[in-house]
Amino acid sequence: MTSNYQPQHLYKVEQPKWTQYGVIYQINTRQFSRSGDFNGVIEHLDRLAALGVTTLWIMPIHPIGEVNRKGKLGSPYAVKDYLEINPEFGNKNDFKKLVDEAHLRHLKVIIDWVPNHSAWDCHLVDLHPQWYAKDYKGDFRPSPWWDWSDIVEFDYDQVGLREYMIKAMCYWVNAFDIDGFRCDVAGYVPNDFWVQARQALDAIKPVFLLAEWESRDLHEQAFNMTYGWSWNETLHELAHGRCSLDRLRKYYSWNERAWPKSALRMTFVSNHDKNAWDGTQREQFGDALEACIALSVLGEGVPLIHNGQEAGESKRLAFFERDPIHWQTHSIGDLYRKLISLKKSKSVLGNGNYGARMTQIPNTKMDKVFSFVRHNKEEKVFVIINFSSEAVSVSFEPPLFEANYTHWSSKESRVFSSDTTRKLSPWQFEVWVS
């Protein structure tokens, strides 16, 4: 007898195998190299592959509007032509070479797509003014409530706009073999449009879609990954002593119970918005930075590295001008490389359905220490993080954490039992693997 109350599996997006140990790397082409073009990115591809990243997210590659432009060069998110290349960066042949060279190194390439709005002087403004949202006076408008004076918003009730946008996205997949899109302010665009776009794109090849938004509904039929904005905000508040450690536990409870395990969440300590407007990674996280990076890589979520982080991210990159990254060898780069290598060596640290859930290990300093394991029958990874500015001595509630471990970095061997106590310096993290 068939029941009418069988579970309904709403989340239809399948995660490709290459996302198992996925690591996203954001590229601001304008600032990435001294030349500020696609060829300058190509010169770094071997280094990025060695760092362990799997997917390059390239910020908008399209020509930038000149009307109401901000700064000398303008925002890359004020798109003037969705089918052309920003001449700052080179031409279409240069971009195709970048994609091809990335693929030779087994790197995926996704480009930034800006569907919510265009530049004021985008040709669509004159050709199809009905595709744009209007204010109470009937005039074109920027997105309400934001200081986005250099753009005007689209109206997705317009069928013609939807068709245009989807055909434009398909063009870049067809012509350049890109692997997907990072979709700007994805929640400002109706979800049913994203379902339509996914269907059209997948008819060409399976694509990877990353939403700059935090909503589980986007995962049902459209997006592989969404932003973990609340993860970032929680870690930022913890680093500055402005919230309790329970707030982080609430994030992971929410992530486990309210989101499908198949949904990939992007965890990050920096990106172009955070760097430009809130500060460098060290400005934002202070002495907690290394611990937050470790959690972004080893906890549930797909880590993002913002270009320049691995070189210490020594400055806030200007957003509307040329301001090349200062490349140098740095301890943060070494940390990312080692953490990513560990991630890829343990199946339990895989992303989404490919990895194991985090299981909290209660401890004697729950107000300061965050401790968890990710495990299966063959492997166990035990992570301990002191999220406080005080040195602590902490022990743990058995039996799940008990095992014979090797320290992830020093390779020290140690047996953890019910009477094990660890002494941690302020903001110190430890990772033990078995």
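Here the structure is a predicted model, which means the values were calculated and not measured. The first residue in the sequence is number 1, and the count goes up from there. Just so you know, these numbers use all the heavy atoms, side chains as well, and skip hydrogens, waters and symmetry mates.
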Could you list all the salt bridge (charged side-chain N to carboxylate O under 4.0 Å, His left out) pairs where at least one residue sits in [range], not counting sequence neighbours?
range	value
residues 265-281	E214-R265, K274-D278
residues 317-330	K315-D323
residues 290-306	R282-E290, E300-R357
residues 197-206	D177-K205, D179-K205, R198-D202

Identify all side-chain donor-acceptor contacts of residues 399-406 below 3.5 Å with residues at least two apart in sequence or on another chain.
unit_1 : atom_1 : unit_2 : atom_2 : d
E402   : OE2    : S418   : N      : 2.8
Y405   : OH     : F401   : O      : 2.5

Name all residues meeting the side chain to side chain contact (heavy atoms under 4.5 Å, CB included) criterion together with A50; count only those two or more places apart in sequence or in a different chain, and write none if there are none.
none
Who passes ring pair (Phe, Tyr, Trp, His ring centres under 6.0 Å) against F268, sequence neighbours left out?
Y227, W229
The ring pair (Phe, Tyr, Trp, His ring centres under 6.0 Å) partners of H330 (sequence neighbours excluded) come to none
Set of residues satisfying side chain to side chain donor-acceptor pair (under 3.5 Å) with respect to [X], sequence neighbours excluded:
X	value
N271	none
H44	R47
H219	T226
E379	S347

Hey, is the main chain of A318 close enough, under 3.5 Å, to the side chain of Q31 for a donor-acceptor pair?
yes
